[in-house]
Amino acid sequence: MTPEQWSAFLEVHKDLPREGPGAPEDVHWALDRIGISGSVDVFDAGCATGGDTVTLAQALSEARIRAVDTTEPFVAHAQARLAPFGDRVRVELGSMAEPGGTYDLIWCAGALYFLGVTEGLTLWRDALKPGGHVAFSEPVALRPLSADAAAFWEEYPQITDLAGIEARVSAAGYRVLDHRMIVGAPWLAYYDPMQARIDHLQATNTDPVIAEAMAECQCEIDLWHAARDEIAYALLIVAPE
């Protein structure tokens with residue numbers, strides 16, 4: 001992606017509340033299943049604009065949270081959103097491959113595949129406190145992919161079914177404690193604001209590079225709608241063996 005294309009991508013994604021599917025209910029489910037509370041340390045790996053970081057900060061009112069992302073405009077957006085929580089929530093420009101401490105929970109929504117499930121979990125083992133957990137969401141094939149679903153996941157050929165994800169978790173020396181599928185409404189929480197942003201830009205934009213970025217995002221949205229019952233993330237709670 002050229003600098004101009006990256007700038008156009010950021011213009012389409014400007015001020016979106018999320019940079020991937022998810023909902024507060026998913027975060028609360030994971031926290032409840034883990035049974036985490038009190039003065040704990042949390043690492044939000046690949047926090048994007050801070051959608052889940054806000055929920056983590058609200059749900060864990062005594063927690064110390066470090067959230068990182070590599071995209072500066074996303075970090076600036078997240079910092080503004082998390083400012084009301086004060087010093088106990090730090091949002092920083094950084095790599096999820098460098099946790100920079102030890103944690104009771106590592107949360108990673110739709111970003112672990114950048115490292116690889118096995119590779120990322122292996123990397124994070126030393127960043128977990130005794131009894132610590134990782135909760136992450138990963139693209140999952142619910143069934144053999146239709147043509148529309150295959151086109152949607154074209155840029156992620158490593159996609160596999162739940163058993164395949166569990167095998168990658170096991171290869172890192174972790175066990176799966178529970179999982180749930182992220183389907184339907186959590187995807188709309190991502191795509192509806194993006195669609196509104198595209199509609200706005202179509203009425204005001206004259207830049208052909210931005211128009212190309214809008215077309216790519218619109219194609220993604222349309223492919224999701226065409227196969228929405230087949231397209232999901234699996235949210236898994238895992239811990240070292």
Side-chain angles (χ1 to χ4, degrees), residues 15-69 71 74-75 77-86 88-92 94 96 99 101-115 117 120-121 124 127-129 131-140 162 165 169 174 176-194 231-239:
D15 295 334
L16 295 185
R18 303 192 58 87
E19 281 300 318
E25 291 80 5
D26 301 319
V27 179
H28 288 296
W29 172 84
L31 299 180
D32 288 345
R33 296 295 293 126
I34 294 168
I36 189 171
S37 62
S39 180
V40 293
D41 292 293
V42 178
F43 180 51
D44 188 351
C47 68
T49 54
D52 287 341
T53 322
V54 170
T55 305
L56 289 165
Q58 292 170 337
L60 299 172
S61 59
E62 300 175 50
R64 296 169 295 274
I65 300 173
R66 179 173 183 253
V68 302
D69 200 272
T71 302
F74 293 169
V75 170
H77 187 178
Q79 286 172 335
R81 297 175 75 179
L82 275 299
F85 296 96
R88 74 179 183 89
V89 181
R90 294 180 295 139
V91 183
E92 302 170 348
M96 63 181 176
T102 56
Y103 303 91
D104 300 283
L105 171 65
I106 297 177
W107 174 267
C108 187
L112 183 54
Y113 67 86
F114 287 114
L115 299 177
V117 171
L121 292 177
W124 288 342
L128 285 175
K129 294 182 180 183
H133 296 79
V134 177
F136 71 96
S137 54
E138 168 76 0
V140 61
L162 182 62
I165 299 173
V169 171
Y174 285 67
V176 177
L177 304 180
D178 208 345
H179 78 276
R180 88 188 225 151
M181 294 300 175
I182 297 177
V183 295
W187 290 74
L188 289 172
Y190 174 45
Y191 284 132
D192 281 355
M194 187 190 298
I231 293 170
Y233 278 164
L235 174 58
L236 294 91
I237 301 169
V238 305

Search all heavy atoms of [X] against all heavy atoms of [Y] and return the closest pair with its distance.
X	Y	value
L112	G120	CD1-CA, 3.8 Å
A45	I106	CB-CG2, 4.5 Å
G110	Y233	CA-CE1, 4.0 Å

Would you tabulate the side-chain donor-acceptor contacts of residues 34-42 under 3.5 Å, counting partners in other chains and residues two or more places apart, or write 'none'?
residue	atom	partner	partner atom	Å
S39	OG	R64	NH1	2.6
D41	OD1	R64	NE	2.7
D41	OD1	R64	NH2	3.4
D41	OD2	R64	NH2	3.1
D41	OD2	K129	NZ	2.6

With sequence neighbours left out, write down each residue that passes side-chain contact (heavy atoms from CB on, under 4.5 Å) with [X], or none if nothing qualifies.
X	answer
A78	V91
A234	V140, L162, I165, M181, L236
A59	H28, L31
A80	none

Sequence neighbours excluded, which residues qualify as salt bridge (Lys or Arg N to Asp or Glu O under 4.0 Å) partners of [X]?
X	result
D69	none
E19	none
E92	R66, R90

Separation of F74 CZ from C47 SG (nearest 0.5 Å) |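 Here the interatomic distance stands at 10.0 Å.
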
Taking the side chain as C-beta and beyond, is there a heavy-atom pair between T55 and W107 under 4.5 Å?
->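 No. Closest side-chain heavy atoms not under 4.5 Å.
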
Is any side-chain heavy atom of F85 closer than 4.5 Å to a side-chain heavy atom of L56?
->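 Of all side-chain heavy-atom pairs linking L56 with F85, none is under 4.5 Å.
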
Looking at D104, L128, V238, L177, which hits side chain to side chain contact (heavy atoms under 4.5 Å, CB included) with H133?
->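 When side chain to side chain contact (heavy atoms under 4.5 Å, CB included) is applied between H133 and each of D104, L128, V238, L177, only L177 qualifies.
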
Who pairs with Y113 by ring-ring contact (aromatic ring centres under 6.0 Å, His included), at least two apart in sequence or on another chain?
->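 Y113 satisfies ring-ring contact (aromatic ring centres under 6.0 Å, His included) with Y156 only.
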
Any sub-3.5 Å donor-acceptor pair from [X]'s side-chain atoms to [Y]'s backbone N or O?
X	Y	result
R88	I65	no
T49	L16	yes
W124	M96	yes
D26	A23	yes

Hey, could you give me each pair passing ring pair (Phe, Tyr, Trp, His ring centres under 6.0 Å) that has a residue in residues 30-61? Not counting sequence neighbours.
->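 Non-adjacent pairs meeting ring pair (Phe, Tyr, Trp, His ring centres under 6.0 Å): F43-Y103.
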
Residues that R33 engages under side chain to side chain donor-acceptor pair (under 3.5 Å), provided they are two or more places apart |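 By the side chain to side chain donor-acceptor pair (under 3.5 Å) rule, R33 matches D178.
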
Residues 185-194, side-chain donor-acceptor partners within the protein, below 3.5 Å, at least two apart:
residue	atom	partner	partner atom	Å
W187	NE1	I182	O	2.8
Y191	OH	E220	OE2	2.6

Full working for side chain to side chain contact (heavy atoms under 4.5 Å, CB included) between V117 and Y174 = CA-CA 11 Å; V117 171; Y174 285 67; over 6 Å; no

